[in-house]
Chemist: 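My structure is below; once you've seen it, I'll send some questions.
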Amino acid sequence: MAELQEVQITEEKPLLPGQMPEAAKIHCVETPYGSVTFTVYGTPKPKRPAILTYHDVGLNYKSCFQPLFQFGDMQEIIQNFVRVHVDAPGMEEGAPVFPLGYQYPSLDQLADMIPCVLQYLNFSTVIGVGVGAGAYILSRYALNHPDTVEGLVLINIDPNAKGWMDWAAHKLTGLTSSIPEMILGHLFSQEELSGNSELIQKYRNIITHAPNLDNIELYWNSYNNRRDLNFERGGDITLKCPVMLVVGDQAPHEDAVVECNSKLDPTQTSFLKMADSGGQPQLTQPGKLTEAFKYFLQGMGYMASSCMTRLSRSRTASLTSAASIDGNRSRSRTLSQSSESGTLSSGPPGHTMEVSC
């Protein structure tokens with residue numbers, strides 16, 4: 001895979017007052033399904049995986065993840081991990097519009113592009129963080145390449161293919177709604193859209209006036225044509241790494257994430273349901289999601305000395321986590337958290353995390 005582009009840039013705004021902006025390198029590599037652009041922050045750490053993100057429809061890595069990774073408490077995490085932000089083809093900033101008749105890759109093919117990214121960077125393992133369509137893509141990749149995925153944080157995942165009723169509703173909606181409005185309904189709850197907050201206005205403007213809106217529609221169509229992941233608890237088709245499922249309590253995908261949780265291994269899976277977060281928790285509740293991510297990493301044996309603050313003040317929480325000894329993962333440790341005491345204590349194994357923060 002030949003490198004097509006490498007540009008060094010810096011973020012326009014520092015993450016915190018007095019803090020140096022983070023250097024980034026943009027790469028573009030060819031894959032069997034076209035070129036893919038990704039941005040790398042930081043340098044690889046010995047014996048640590050990279051954090052690899054994949055964004056949802058209508059967004060790119062910046063509009064999907066920047067509020068989360070620029071959050072103050074997140075800096076402790078990104079100082080310990082190199083991170084790779086993958087943009088779906090045609091979604092990167094400044095992307096040209098694909099020619100008429102261009103065959104956009106399926107979500108399965110987008111997942112098959114990821115090995116080319118890791119091979120180019122010479123990374124052996126990753127911790128994936130995906131939202132919506134990106135969560136599906138990372139799940140498909142993990143099913144196909146389980147040895148290269150140490151953990152997954154899946155926000156708003158819908159692992160099911162569209163049924164006939166879904167297709168009918170989608171077609172009817174398409175007759176009365178524009179592509180931007182349909183995508184906004186995928187990203188945000190109806191309550192959020194009705195409230196028309198500053199956040200909604202911002203993202204409505206981003207999507208409606210996107211110069212690559214035709215490309216976005218192609219990605220949207222691929223998402224709506226996804227295959228069923230066929231997860232089965234106790235079956236052969238399952239995610240074999242620790243997984244944290246995340247959804248807002250009024251998100252459009254709440255039922256799909258709850259169903260997904262019921263199909264995955266309960267000793268490997270934690271479920272985080274976030275109150276007051278709407279359809280995009282990484283945008284509206286970056287502090288709480290950062291805290292949960294730190295617990296997730298601790299459960300995998302990383303960042304053992306990290307200080308926790310926010311979730312210790314939440315009402316109740318329990319987390320199934322995984323301990324690591326010399327690289328071998330042991331998943332028998334469960335942490336439970338009490339809002340009254342603010343302390344962590346051992347609990348029985350086999351519970352998933354269900355947090356209302």
Chemist: Do I137 and L107 come within less than 4.5 Å of each other through their side chains, counting heavy atoms only?
Modeler: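 Yes; the side chains approach each other to less than 4.5 Å.
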Chemist: Do T148 and Y141 have side-chain N/O donor and acceptor atoms under 3.5 Å apart?
Modeler: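 The answer is yes; a qualifying pair exists.
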Chemist: Side chains of E181 and S178: any donor to acceptor distance under 3.5 Å?
Modeler: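 There is no such pair (donor and acceptor under 3.5 Å, judged by atom type) between the side chains of S178 and E181.
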Chemist: Counting N and O atoms only, with roles assigned by atom type, does the side chain of N156 sit under 3.5 Å from a partner on the main chain of G279, one being a donor and the other an acceptor?
Modeler: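 At least one qualifying donor-acceptor pair exists.
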Chemist: How far apart are the C-alpha atoms of L110 and Y219, what are their side-chain angles, what is the distance that settles it, and do they pass the side chain to side chain contact (heavy atoms under 4.5 Å, CB included) test?
Modeler: CA-CA 10 Å; L110 293 177; Y219 187 21; 3.8 Å; yes
Chemist: When rounded to the nearest 0.5 angstrom, what distance separates CG in L59 from CD1 in I207?
Modeler: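 Spacing of CG (L59) from CD1 (I207) equals 5.5 Å.
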Chemist: Would you name the heavy atoms of P286 and L68 that are closest together and state the gap between them?
Modeler: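 For P286 versus L68, the nearest heavy atoms are O-CD1, 3.7 Å.
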Chemist: Are more than 12 heavy atoms from other residues, nucleotides or ligands located less than 6.0 Å from atom CD of E191?
Modeler: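 Count over threshold, so yes.
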Chemist: Evaluate the side-chain proximity of I78 to Y41: yes if any heavy-atom separation is below 4.5 Å, no if none is.
Modeler: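 SC-SC contact between Y41 and I78 ruled out.
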Chemist: Does W220 offer a backbone N or O that forms a donor-acceptor pair with the side chain of N224 under 3.5 Å?
Modeler: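 Yes: the side chain of N224 pairs with the backbone of W220.
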Chemist: Between Q190 and Q250, is any pair of side-chain heavy atoms under 4.5 Å apart?
Modeler: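 No - every pair of side-chain heavy atoms lies 4.5 Å or more apart.
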Chemist: Quick check for you: to the nearest 0.5 Å, what is the distance between I200 atom CD1 and L187 atom CG?
Modeler: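 Answer for the CD1-CG pair, I200 versus L187, is 8.5 Å.
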Chemist: Output yes when a side-chain donor or acceptor of N60 lies under 3.5 Å from a complementary backbone atom of H55, and no otherwise.
Modeler: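 No: the side chain of N60 does not pair with the backbone of H55.
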Chemist: Mark yes when over 12 heavy atoms from residues, nucleotides or ligands other than N196 sit less than 6.0 Å from its CG; otherwise mark no.
Modeler: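 Buried by this count: over 12 neighbours within 6.0 Å.
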Chemist: Has the side chain of Q268 got a donor or acceptor atom that lies under 3.5 Å from a matching backbone atom of L239?
Modeler: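 Answer holds: no.
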Chemist: What is the minimum heavy-atom distance between E150 and T125, and which atoms define it?
Modeler: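 Residues E150 and T125, closest heavy atoms: OE2-OG1, 2.9 Å.
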Chemist: Between H85 and T39, is the side chain to side chain donor-acceptor pair (under 3.5 Å) condition met? List the steps.
Modeler: CA-CA 5 Å; H85 297 290; T39 306; over 6 Å; no
Chemist: Salt-bridge test for K263 and E232: reply yes if a basic N is under 4.0 Å from a carboxylate O, no otherwise.
Modeler: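 Looking at K263 and E232, the cut-off is not met.
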Chemist: Could you please spell out the steps behind the side chain to side chain donor-acceptor pair (under 3.5 Å) verdict for N160 and E259?
Modeler: CA-CA 10 Å; N160 303 315; E259 181 182 353; 3.3 Å; yes
Chemist: Just verifying a value: how many Å separate H145 NE2 and R140 CZ, rounded to the nearest 0.5 Å?
Modeler: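 Between H145 NE2 and R140 CZ, I get 11.0 Å after rounding to 0.5 Å.
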Chemist: Look at atom CD of Q201 and say whether more than 12 heavy atoms of other residues, nucleotides or ligands are closer to it than 6.0 Å.
Modeler: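 Atom CD in Q201 is crowded, with more than 12 foreign heavy atoms closer than 6.0 Å.
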Chemist: Answer whether the closest heavy-atom distance between the side chains of L245 and L152 falls below 4.5 Å.
Modeler: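 A side-chain contact is absent here, since even the closest heavy-atom pair is not under 4.5 Å.
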Chemist: Could you check whether the rings of F98 and Y102 sit parallel, tilted or perpendicular, using 30° and 60° as the cut-offs?
Modeler: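 Rings of F98 and Y102: parallel, under 30°.
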Chemist: Tell me whether K202 at atom NZ has more than 12 heavy atoms from other residues, nucleotides or ligands lying less than 6.0 Å away.
Modeler: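 Result for NZ/K202: open.
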Chemist: Are F81 and L297 close enough that some pair of their side-chain heavy atoms sits under 4.5 Å apart?
Modeler: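 A side-chain contact under 4.5 Å exists here.
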Chemist: Can a salt bridge be assigned to the pair D158 and R226 using a cut-off of 4.0 Å between side-chain N and carboxylate O?
Modeler: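 Result for this pair is yes, salt bridge flagged.
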Chemist: Using 0.5 Å steps for rounding, measure from the CG atom of L199 to the CZ atom of R204.
Modeler: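 These two atoms lie 11.0 Å from each other.
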Chemist: Does any N or O in the side chain of Y203 come within less than 3.5 Å of the main-chain N or O of S63, such that one atom is a donor and the other an acceptor?
Modeler: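 Checked: pair present.
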Chemist: Side chains of H27 and T37, heavy atoms from C-beta outward: is any pair under 4.5 Å?
Modeler: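 Side-chain contact under 4.5 Å: no.
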Chemist: Output yes when a side-chain donor or acceptor of E254 lies under 3.5 Å from a complementary backbone atom of A251, and no otherwise.
Modeler: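 Not confirmed, E254 side chain does not pair with A251 backbone.
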Chemist: Just so I know, are the side chains of V129 and L52 near enough to count as touching, which here means a heavy-atom distance under 4.5 Å?
Modeler: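 Result no, sub-4.5 Å side-chain heavy-atom pair not found.
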Chemist: For residues Y33 and M113, report the shortest heavy-atom separation together with the two atoms involved.
Modeler: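 Closest approach of Y33 to M113: O-CE, 3.1 Å.
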Chemist: In terms of hydrophobic clusters joined by side-chain contacts under 4.5 Å, are V97 and I206 together?
Modeler: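 Different clusters.
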Chemist: Under the side chain to side chain contact (heavy atoms under 4.5 Å, CB included) criterion, do I216 and I183 qualify, and how do the steps go?
Modeler: CA-CA 9 Å; I216 292 174; I183 293 175; 3.4 Å; yes
Chemist: Determine, stepwise, if the pair I157 / V131 fulfils side chain to side chain contact (heavy atoms under 4.5 Å, CB included).
Modeler: CA-CA 7 Å; I157 184 171; V131 181; over 6 Å; no
Chemist: For the side chain of S277 and the backbone of M274, is there at least one donor-acceptor N/O pair under 3.5 Å apart?
Modeler: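 Pair found, side chain donor or acceptor close to backbone of M274.
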Chemist: May I ask you to test the L154-M244 pair for a side-chain heavy-atom distance under 4.5 Å?
Modeler: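 Result no, sub-4.5 Å side-chain heavy-atom pair not found.
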Chemist: To the nearest 0.5 angstrom, please state how far the CG atom of L143 sits from the OG1 atom of T238.
Modeler: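 With rounding to 0.5 Å, CG (L143) is 8.0 Å from OG1 (T238).
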Chemist: Y223 and G132: which non-hydrogen atoms are nearest, and at how many Å?
Modeler: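 Closest heavy-atom pair between Y223 and G132: CE1-C, 4.4 Å.
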Chemist: Going from OH on Y61 to CD on E93, what distance comes out if it is rounded to the nearest 0.5 angstrom?
Modeler: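 The distance works out to 7.0 Å.
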Chemist: With no hydrogens and no angle check, is any side-chain donor or acceptor of Y295 less than 3.5 Å from a backbone partner on T290?
Modeler: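 Looks like no, no N/O pair under 3.5 Å.
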Chemist: Identify whether the distance between the nearest side-chain nitrogen and carboxylate oxygen of R233 and D265 falls below 4.0 Å.
Modeler: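 No, R233 and D265 are not salt-bridged.
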Chemist: Which heavy-atom pair separates A50 from F123 by the least distance, and what is that distance?
Modeler: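 Closest approach of A50 to F123: CB-CD1, 3.7 Å.
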Chemist: What heavy-atom pair brings V86 and V36 nearest, and what distance separates the two atoms?
Modeler: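 V86 and V36 have their closest heavy atoms at CG1-CG2, 3.8 Å.
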Chemist: Any side-chain to backbone donor/acceptor pair from E92 onto F38? Under 3.5 Å, distance only.
Modeler: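 It does not hold such a pair.
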Chemist: Using a distance-only test with no angle check, is there a side-chain donor-acceptor pair under 3.5 angstrom linking D56 and H186?
Modeler: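 Yes - a donor-acceptor pair under 3.5 Å links their side chains.
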Chemist: What's the verdict on side chain to side chain contact (heavy atoms under 4.5 Å, CB included) for V117 and V84, showing C-alpha distance, side-chain angles and the deciding distance?
Modeler: CA-CA 9 Å; V117 174; V84 181; 4.2 Å; yes
Chemist: Side chains of Q282 and Q280: any donor to acceptor distance under 3.5 Å?
Modeler: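 Looking only at side-chain atoms, Q282 and Q280 do form a donor-acceptor pair, the distance falling under 3.5 Å.
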Chemist: Does the N225 side chain pair with the main chain of N221, one donor and one acceptor, at a distance under 3.5 Å?
Modeler: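 Answer holds: yes.
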